[in-house]
Amino acid sequence: MTVLVLGGTGEARALANDLCDAGVDVVTSLSGGVESPLLPTGEVRIGGFGGVGGLTRYLRAHAISKVVDATHPFAAQMTARAALACDRTGIPLLRLSRPGWRHHPGAADWHWVPGSDAAKSMAERLGRRVFLSIGRKAVSRFRDWSDRYVLVRVVPGTGLLVPVMWEVIHARGPFDRDSERDLMRSRHIDVLVTKDSGGDQTVAKLDAAGDLGVPVVIVERPADPPGVDLVDSVGAAFDWVLSP
Ligand code: NAP
């Protein structure tokens, strides 16, 4: 049995490591968008497949028996393509997506928005000095804020062109509440813009914003494709792979 794990998340790495330890052949696939990514054990391939057709060909050529889509909750294109390719080939597919932050204490006061453009309009109503923690791709939607200070945080190895008044920090979680509070206070941040990534690694910014009375604008997750089995933990994905 060879399992393809669509990766780019801590959960994907943990799953690949656990499956390798259990003697399963695993190939983890990464997009190649980040220089020097953290790698799991087992085989790793890097780069896009070339759309649904390319992924379909890859699945057949490598005799993949199961696919776990453990990409980030906001990697909607890869998730949709995996669903189509697995439907075409009849290969079982599982979506592993960590729980979101909707039930986090404090979430009642957050401003939920459907996408980056809505996040931008909402943030403009709420403040002026923004902490933008929304991922590299979405940052481009905010670039016309060239007349204001914006703090952007992205993972190391992410290339980013931003207006001169902005500050870019390259850092990878986990972050703790005290340092997040210090960071926001030192930059006089008055609104946090983020997305519902979920998990423990980056949640501290939300607690810190609550401590400082900084409003939070949070982008809702894209919907998962209908008809695909869904789990929210590495353990459940591991059991699914090993089930007959
Ligand atoms: P996306 O918009 O859903 O995908 C764009 C294209 O990138 C896909 O069509 C595919 O190209 C390729 N791709 C994406 N994930 C891939 C993977 N695991 N293996 C091989 N090709 C992949 O994805 P994204 O939002 O740019 O995210 C890219 C990667 O970064 C994902 O693996 C994701 O898990 C990780 N990540 C994303 C975020 C985020 O906020 N979006 C945050 C942390 C990590 P082809 O169509 O050519 O196959």
Side-chain angles (χ1 to χ4, degrees), residues 2-16 26-40 42-62 64 66-89 91 93-98 100-101 113-116 119 132-142 152-160 170-175 193-203 205 218-225 228 232 234 237:
T2 303
V3 177
L4 175 66
V5 175
L6 300 171
T9 58
E11 290 79 8
R13 274 195 307 281
L15 177 64
V26 182
V27 181
T28 296
S29 176
L30 301 176
S31 70
V34 172
E35 275 174 42
S36 315
L38 299 178
L39 297 177
E43 191 180 330
V44 174
R45 67 160 300 285
I46 297 184
F49 295 95
V52 180
L55 178 56
T56 303
R57 284 190 292 280
Y58 178 93
L59 295 174
R60 288 186 174 135
H62 293 80
I64 299 296
K66 289 187 173 182
V67 177
V68 179
D69 170 13
T71 56
H72 190 272
F74 280 79
Q77 190 167 301
M78 188 70 251
T79 289
R81 289 179 178 183
L84 285 168
C86 287
D87 191 48
R88 267 187 201 173
T89 53
I91 295 171
L93 168 67
L94 182 74
R95 174 75 171 125
L96 164 58
S97 185
R98 62 177 90 118
W101 288 321
V113 290
S116 302
L132 198 54
S133 175
I134 200 165
R136 175 186 56 87
K137 278 204 317 199
V139 165
S140 59
R141 313 304 283 260
F142 296 81
V152 183
R153 185 167 62 201
V154 287
V155 293
T158 308
L160 205 58
H170 290 92
R172 200 190 297 277
F175 303 104
V193 177
T194 190
K195 57 188 181 185
D196 186 17
S197 296
D200 305 333
Q201 302 276 304
T202 58
V203 72
K205 65 190 168 202
I218 184 159
V219 179
E220 291 161 8
R221 289 179 172 203
D224 280 308
V228 175
D232 67 5
V234 172

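All values below come from the heavy atoms of this structure, side chains included, with hydrogens, waters and symmetry mates left out. Note that ligands are numbered from 1 as they come in the structure, with each ligand's atoms numbered from 1 the same way. The first residue in the sequence is number 1, and the count goes up from there.
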Inspect the surroundings of CZ in R141 and state if more than 12 heavy atoms from other residues, nucleotides or ligands are less than 6.0 Å away. no
Please check: side-chain N/O of T9 versus main-chain N/O of A70, any donor-acceptor pairing under 3.5 Å? yes
List the residues meeting salt bridge (Lys or Arg N to Asp or Glu O under 4.0 Å) with R13, not counting sequence neighbours, and say none if there are none. none
Mark yes or no for whether D196, through its side chain, and E220, through its backbone, hold a donor-acceptor pair below 3.5 Å. no
For ligand 1, protein residues within the heavy-atom limit of under 4.0 Å are G7, G8, S29, L30, S31, R45, G47, G48, F49, G50, G51, T71, H72, F74, A75, A76, Q77, M78, R81, K137, K195
Looking at K195 and V219, would you say the former's side chain and the latter's main chain have a donor-acceptor pair under 3.5 Å? no
Expected output: side-chain H72 to main-chain S197 donor-acceptor under 3.5 Å: no
